[in-house]
Amino acid sequence: MQKKECIAMLLAGGQGSRLGVLTRNNAKPAVSFGGKYRIIDFSLSNCVNSGIDTVGVLIQYRPLVLNHYLGTGEAWDLDSSDGGVHVLPPYATETGGQWYAGTADAIYHNIDFVDSYNPEYVLILSGDHLYKMNYNLMLAEHKAKGADLTVSVIEVPWEEASRFGIMTVDEDERIVKFSEKPKEPDSNLASMGIYIFSWPVLRRALLEDHMDPTSDKDFGKNIIPRLLAADMKLYAYRFSGYWKDVGTIESYYNAQMDLMREDAEFNIFESEMRIFSNSNIYPPHYVGEKAVVSGSLICNGCTIDGEVRGSILGSGVVVEEGAVVEDSILLPHTKISRGCHIVRTIVNENVRIVAGSEIRDPNGEISVIGENSQFAEV
Amino acid sequence: MKTTIGLISANYTNEKFGTLAAKRTLASLPYGGRYRLIDFPLSNMINSGISTVGLITPYNYRSLMDHVGVGKAWSLGRKVGGMFILPGSVYGVRSSASKFLQRDIIQNRRYIDRDTADYVLFCGSNKVFNMDFRPLIEQHERNAYPITLAYKKVEHGENCDGFFLNVDDSGKVAGIRYNAEGEANYFLDCFVIDREFLISFINWFDALSYMDVMEIVMDSLNDIGVDAYEFQGYVGAVNNLDDYMRVNMDLLNPEIRTELFNSERKIFTKVQDEPPVLYRPTANVKNSIISAGCIVEGEVENSIIFRSSHIKPGAVVKNCIIMQHGMICEDAYAANMICDKYVTIGRGARVEGGADHPFVIGKNQEL
């Protein structure tokens, strides 16, 4: 295979249990986002927009939708004969087989894959954040510094720093300390979970870590501390754009609502750094004679005869006459029947809400409706 | 099982569309917010299990090729079969009546000679319908005539451009004519022909290459025996500007929309990865079709808005077709208009076409 300077490895095997019913039957990277996207689109689009044309996608948890969605990678122009998307599930060998035990273990089991491209550098991505980033700029710094590992970091408010993995750096941005969720942080540079490793360094670290029975085989917990202890050259790369976690119901909801703001920092309409997605073929949406639609994002394939305000409707959603949807996120192919009134609610894909349902949390919390909900048609 | 290959003619246009078709073949007329007319025959073919499709292109084929590419969007990028681009003759695009020029077929006869399929399904590209061709092919096989023409019963033949069939009691075609009054059997520019028969047909009439296949069929009706197949679904024939407006507006009818798009047989088109439509709080939209990538801040009623258009605050759009990248600025008013791609209607401008005769603004214009 042709040698690649840098390939990406996208960790897409996690369950994302904090998203509750949304990930009961679906891996987090394949959860619908912003109407027509799925969470993995943002990382894949960043790769393509950064000129990285080879991406290994490590899968494990409920991969059906994810696999189907990735397909040949064509939707992201990643269907090239020389590179492209490679789906990498756990596999069996003559001595048995096992699941990926941690993020580092997933890469360890695919050392052969990475070797086949003989890259100088490997970009590790976690794919559960909303951001636009040109990884090339980060790679350029990694090279300029002669680093072994470059960690992308973002300044977070000091009072929130103890929620993140915090990097402490010297005046040359060299990382001198890494602390996972420190109680008393001495830095506010949070790791974004985006790493560029020089492959020989990572390869050696993975082999060593694999031999350590006490290791959790995790990048944050094991690999980075191991490299720090060995006095390798770890540098921080400061990123200053928009970067939002979408891994909890609240952050998932808020990040989507942000897309509709007048001053949206994450702009899905700009033509630079476009977001690609594997959207199915739907006709444009229809807004009926009696419908009201305002302050909302609406996808192709929707039919709206009711009232929709401040909401996001995924592909193929139906809102019947007399139904009212406010500040809600309706995932693809949901149906809100006559007489429903739903407020601040996320409805999972393919769920049809029983006519006349009133869904609104009395405390103003976000309601999440899955197929097992009392409001869902069976 | 009998096999069928497809042949779509996109090598024709006419002068009844104003500037809309001045540089386009009818096949590449934008339609319904995100489609082009060619999407219908292409999708019908693939949805009917026909995966070898020849596309006779017009001389001026840039916009068509930009859209169809190698046929990937219709799953026609294949190792076996797939899409064949068949360059049409230079004169085709000037002719208004001819859809299946004998010379276009002769020029590309290797496509027909080389294949081993039993039948060739011909289809034009200016009629909107979602048809399963399989029952048509089954009837063709069952009745064993060399040609079967598909038609739709219409109430007012005088409003339709094209050929009409006289169908006798046995269901056979007894005559073909250009004009009809009242109830009539409107030919859908769609027919099945035995491939071997087609080859001999081309050979017999080699000298008459300037003729249309339909004219030859018309003249030889009694000698060859032609069957007729009735299609009962929706047909939107797009032969002139008024048709174009009406057939687009037909999509506001839920039954027609459902038949065309919510069938198991999807209508495929080139995907452009536009974001969802953003409605600002000032948006007010009624009875309209809005396509991905638009930003709506003003008022839209009874209209079809194509991809990536922007309706600014205070703008009013009524009974309009606004094609891709249209921009209707603040407090502008547009009614009964067809705006070609990249048209800007400036701040406070007022444009209005006739209720029955839409007014067309050509590509890239600013008012």
Side-chain angles (χ1 to χ4, degrees), chain A residues 33-37 41 45 48 72 74-77 79 256 259-262 264 266-271 274-305 308-318 332, chain B residues 31-35 39 43 72-75 77 130 248 251-254 256-258 260-263 265-297 300-310 325:
Chain A
F33 189 94
K36 68 174 287 192
Y37 307 101
D41 285 332
S45 300
V48 174
T72 60
E74 184 191 336
W76 303 269
D77 276 350
D79 58 340
Q256 291 182 78
L259 297 175
M260 296 188 288
R261 291 164 58 130
E262 192 90 40
F266 191 91
N267 187 347
I268 49 176
F269 283 89
E270 69 190 359
S271 52
R274 275 171 68 188
I275 308 301
F276 300 98
S277 74
N278 189 2
S279 53
N280 287 311
I281 289 290
Y282 297 96
H285 69 259
Y286 172 75
V287 178
E289 309 239 16
K290 294 178 184 160
V292 175
V293 185
S294 80
S296 295
L297 266 183
I298 314 286
C299 286
N300 278 347
C302 291
T303 303
I304 304 169
D305 288 308
V308 177
R309 295 182 194 274
S311 297
I312 298 177
L313 273 55
S315 308
V317 168
V318 175
Chain B
Y31 171 75
R34 71 175 300 199
Y35 302 94
D39 292 340
S43 302
K72 238 177 167 181
W74 298 268
S75 307
N130 185 337
N248 267 286
L251 287 177
L252 298 177
N253 175 328
I256 294 172
R257 202 168 60 239
T258 301
L260 287 178
F261 297 123
N262 292 12
S263 150
R265 300 185 307 274
K266 288 186 175 148
I267 303 302
F268 299 96
T269 188
K270 181 182 174 187
V271 172
Q272 305 222 350
D273 274 280
E274 301 293 350
V277 176
L278 179 59
Y279 287 80
R280 296 281 184 209
T282 50
N284 181 5
V285 177
K286 303 284 179 216
N287 192 37
S288 294
I289 283 181
I290 318 278
S291 197
C294 290
I295 299 178
V296 185
E297 303 179 271
V300 180
E301 204 182 325
N302 305 331
S303 295
I304 314 277
I305 314 289
F306 283 64
R307 291 190 266 223
S308 300
S309 294
H310 191 162
H325 291 280

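The model shown is predicted, which means the values in this text are computed figures rather than measured ones.
The two residues B:Tyr35 and A:Pro283 come nearest to each other via the heavy atoms OH-CA, 3.0 Å. Closest of all the heavy-atom pairs between A:Pro284 and B:Gly32 is CG-O, 3.2 Å. The minimum heavy-atom distance between B:Gln272 and A:Arg274, with the atom names listed, is O-NH2, 3.0 Å. Nearest heavy-atom pair, B:Ala292 versus A:Asn300, reported as atom, atom and distance to 0.1 Å: N-OD1, 3.4 Å. The two residues A:Ser294 and B:Ala283 have their closest heavy-atom pair at CB-O, 4.3 Å. The shortest non-hydrogen separation linking A:Ile281 to B:Phe268 is CG1-CD2, 3.9 Å.
Only the side chain of B:Arg257 comes within contact range of chain A, with heavy atoms under 4.5 Å apart. Contact annotation for B:Glu301: neither backbone nor side-chain heavy atoms come within less than 4.5 Å of a heavy atom of chain A. Using a 4.5 Å cut-off between heavy atoms, B:Ile304 makes no contact with chain A at all. For B:Val285, the parts sitting under 4.5 Å from any heavy atom of chain A are the backbone and the side chain alike. Residue B:Phe306: no heavy atom, backbone or side chain, is found under 4.5 Å from chain A. Using a 4.5 Å cut-off between heavy atoms, A:Ile304 does not touch chain B at all. Proximity to chain B (any heavy atom under 4.5 Å) is restricted, for A:Glu74, to the side chain, taken from C-beta onward.
In this structure, the side chains of A:Tyr37 and B:Pro275 come closer than 4.5 Å at one or more pairs of heavy atoms. Counting heavy atoms from C-beta on, the side chains of A:Ser277 and B:Asp273 come closer than 4.5 Å. Inter-residue side-chain proximity for B:Asn287 and A:Tyr286 is flagged as met; some heavy-atom pair is nearer than 4.5 Å. For the pair B:Tyr279 and A:Ser311, the minimum side-chain heavy-atom distance is 4.5 Å or more.
In terms of heavy-atom pairs under 4.5 angstrom with chain B, the leader among A:Ala291, A:Gly35, A:Gly310 is A:Ala291. Between chain B and the residues A:His285, A:Met260, A:Lys290, the most heavy-atom pairs under 4.5 angstrom are made by A:His285. For the set B:Ser291, B:Pro276, B:Ala73, B:Pro281, the count of heavy-atom pairs under 4.5 angstrom toward chain A peaks at B:Pro276. Interface summary for chain A: among B:Ile305, B:Val271, B:Leu252, the most heavy-atom pairs under 4.5 angstrom belong to B:Leu252.
Atom OG1 of A:Thr303 and atom CG of B:Asn262 lie 6.5 Å apart (nearest 0.5 Å). Atom NZ of A:Lys36 is separated from atom CD of B:Glu274 by 7.5 Å, given to the nearest 0.5 angstrom. With rounding to the nearest 0.5 angstrom, the SG atom of B:Cys294 is 8.5 Å from the CZ atom of A:Phe269.
For the pair B:Lys286 (side chain) and A:Val287 (backbone), a donor-acceptor distance under 3.5 Å is absent.
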